[in-house]
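Below you'll find the structure, written out as structure tokens, and then a few comments.
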Amino acid sequence: MKFKNTIVVTLTLIMFLSCATNPFTGKKTLAFVSNAQLFPTAFAQYNQVLTESKVETGTTRADMIKRVGQRIAVAAERWLNANGQQGYLNDYKWEYNLINEDIVNAWCMPGGKIVFYTGILPVAENETAIAAIMGHEVAHALANHGQQRMSAGMLQQGLAVAGNIAIKDDKTRNAFNQYYGVGSSVLGMLPFSRSHETEADRIGLYLTALAGYNPDEAAELWKRMAKASGGQAPPEFLSTHPANQTRITNLTALAPTAKAEAKKFGVSSFRPLGKY
Ligand SMILES: [Zn+2]
């Protein structure tokens, strides 16, 4: 009996300690893995992906990815500061890389490590749409969606709580990639939950507008995504991000709110789409 109670108390304590309130969502979220434990693993994993890939640098489009990423990061910081969350991004080390590979995908690892593949560029069509994708991916990272997914996965698999997820072997690394949607031709990617997707769409749209990009373009982007899913290219991004009518309708409805939100920060006009 006593033993049982101890277990209950311990579990309650663990739950309490590992439920952090996310400033973007205002919700308590399940996070067994802290940023301090997770970020070094993510950074190491990110560097490994870069080492194994053809990273494009110095081109107009690679520069564009960096420019958009920096603007979205600045927008996130302004938004957090305005909401009394100074220091939230202290452990983040933003990086934005373009990998030369013909796959329709982009992702963001914990701590702000972002990859775009060149295959997504023709679907995006313009810089504003890149900003919409960037905003969405950054929103997943800020809301710790991957972390929650990982925690849930760890629970399911009965893995040790509280850490030690350093990359020790291929199996762990593959699991990590799966949780974060990094993907490869071998691995399937776990889709984020529908509520995570809706959240990332909403937060991402605010960031896009706040960074000076017209949020109206997000719905247009998803219409093009829907069209591309009928094409030849393997739609990695679409396997975890269905370009359905609900999403397009939601984004269209949210655009005026995103503009109003941006206006509070003095952003009342937007850049041209930036065709390239
Ligand atoms: Zn997403």
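In listed order, ligands and their atoms are each counted from 1.
In summary, His196 places no N/O/S atom under 2.8 Å from the Zn ion (ligand 1), failing the contact criterion. Here His140 reaches the Zn ion (ligand 1): one of its N/O/S atoms is less than 2.8 Å from the metal.
Vertex the Zn ion (ligand 1); arms to Glu197 atom OE1 and His241 atom NE2; angle 100° (nearest 10°).
Counting only distance, with no hydrogens or angles, the side chain of Lys113 and the backbone of Lys93 share a donor-acceptor pair below 3.5 Å. Using a distance-only test at 3.5 Å, with no hydrogens or angles considered, no donor-acceptor pair links the side chain of Tyr213 to the main chain of Ile130.
Residues Asn97 and Val49 form no side-chain contact, since every pair of their non-hydrogen atoms from C-beta on lies 4.5 Å or further apart.
A salt bridge does not link Glu197 with Arg194: none of the charged nitrogens is closer than 4.0 Å to a carboxylate oxygen.
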